[in-house]
**Q** 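Structure in structure tokens, see below.
First the proteins, then the strands, lettered A, B, ... as listed; each starts at 1. What you see is a predicted model, and the numbers here were worked out from it, not measured in a lab.
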Amino acid sequence: MTSTNSYFELVYEVTRNIPKGRVTNYGAIADFLSLGSARMVGWALNQCHGMPDVPAHRVVNRLGELSGRSHFKPPTAMASRLRKEGVKVKEDKVVDFELVFWHPREMNLE
DNA sequence: ACCGTGACGTGTC
DNA sequence: TGACACGCCACGG
């Protein structure tokens with residue numbers, strides 16, 4: 001992490017550390033970085049479009065809704081990826097969101 | 001340098 | 001968690 005990293009690269013860094021089978025929300029990442037707002041996180045992930053090592057599907061909104069699904073190809077990829085990792089998804093919303101929620105504070109610093 | 005835009009969140013009803 | 005206004009801030013035009 002250097003000062004040359006732009007904001008979205010910081011967001012990618014955090015997103016990469018989201019454990020499989022867990023999810024977080026935009027606000028938690030913004031809060032952890034103490035930079036910008038949740039909107040910035042959404043904006044940053046929007047720019048990631050093709051990065052395979054950035055599990056953007058593990059980032060949802062504060063209600064556990066898959067608000068970014070329409071930016072995936074196909075839009076159903078977000079839900080299917082989560083289900084494949086053991087996260088229950090119903091009606092484009094994470095089931096038991098509180099239980100699978102992960103806060104960047106728990107991140108394993110290496 | 002101004003303005004619209006957006007994968008959001010909080011407060012209020 | 002229904003609806004809506006408002007704050008948020010980097011970016012492209």
Side-chain angles (χ1 to χ4, degrees):
Chain A
M1 308 223 302
T2 68
S3 55
T4 59
N5 280 356
S6 24
Y7 185 81
F8 57 80
E9 292 181 75
L10 292 175
V11 174
Y12 297 161
E13 187 94 12
V14 176
T15 306
R16 286 193 194 94
N17 280 276
I18 303 175
K20 184 180 175 184
R22 307 289 297 279
V23 297
T24 190
N25 61 30
Y26 305 94
I29 296 176
D31 179 55
F32 177 75
L33 293 176
S34 301
L35 299 170
S37 61
R39 261 202 195 303
M40 300 298 90
V41 178
W43 164 78
L45 290 177
N46 187 14
Q47 302 302 307
C48 92
H49 52 102
M51 298 181 74
D53 58 328
V54 179
H57 59 280
R58 296 181 189 149
V59 186
V60 298
N61 71 5
R62 76 176 170 102
L63 301 177
E65 296 169 335
L66 281 52
S67 46
R69 68 186 181 285
S70 44
H71 294 265
F72 283 79
K73 306 174 223 19
T76 54
M78 190 172 187
S80 51
R81 278 184 170 191
L82 286 173
R83 287 200 188 95
K84 194 168 186 178
E85 297 179 357
V87 178
K88 305 284 204 303
V89 178
K90 182 168 187 177
E91 301 286 310
D92 294 319
K93 200 170 66 182
V94 175
V95 180
D96 294 327
F97 177 57
E98 305 280 330
L99 296 181
V100 294
F101 178 76
W102 175 87
H103 194 284
R105 193 169 293 127
E106 309 173 31
M107 192 189 331
N108 224 355
L109 270 39
E110 43 227 270

**Q** Is A:R22 reaching over with its side chain to a backbone N or O of A:V100, donor-acceptor style, under 3.5 angstrom?
**A**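 Flag set: sc A:R22 to bb A:V100 pair under 3.5 Å.
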**Q** Where does the angle between the aromatic ring planes of A:F97 and A:F101 fall among parallel (under 30°), tilted (30 to 60°) and perpendicular (over 60°)?
**A**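 A:F97 and A:F101: perpendicular rings.
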**Q** To the nearest 0.5 Å, how far apart are CG in A:L66 and CZ in A:R81?
**A**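 Between atom CG of A:L66 and atom CZ of A:R81 there are 12.0 Å.
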**Q** What's the CG-C1' distance between A:D31 and C:dC8, to the nearest Å?
**A**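 Atom-to-atom, A:D31 to C:dC8, this comes out as 14 Å.
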**Q** Let me have a per-nucleotide readout for nucleotides 1-13 of chain B, 5' to 3', with B, S or -, counting only protein heavy atoms under 4.0 Å.
**A** -----BBBSB---
**Q** Treating Ile, Leu, Val, Met, Phe, Trp and Tyr as nodes and any side-chain heavy-atom pair under 4.5 angstrom as an edge, say whether A:F72 and A:V54 lie in one connected cluster.
**A**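 No, because A:F72 and A:V54 fall into different hydrophobic clusters, even though each may have its own neighbours under 4.5 Å.
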**Q** Side-chain heavy atoms nearer than 4.5 Å, only ILVMFWY residues, links allowed to pass through others: does that put A:L82 and A:V59 together?
**A**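 Unlinked, A:L82 and A:V59 end up in two clusters.
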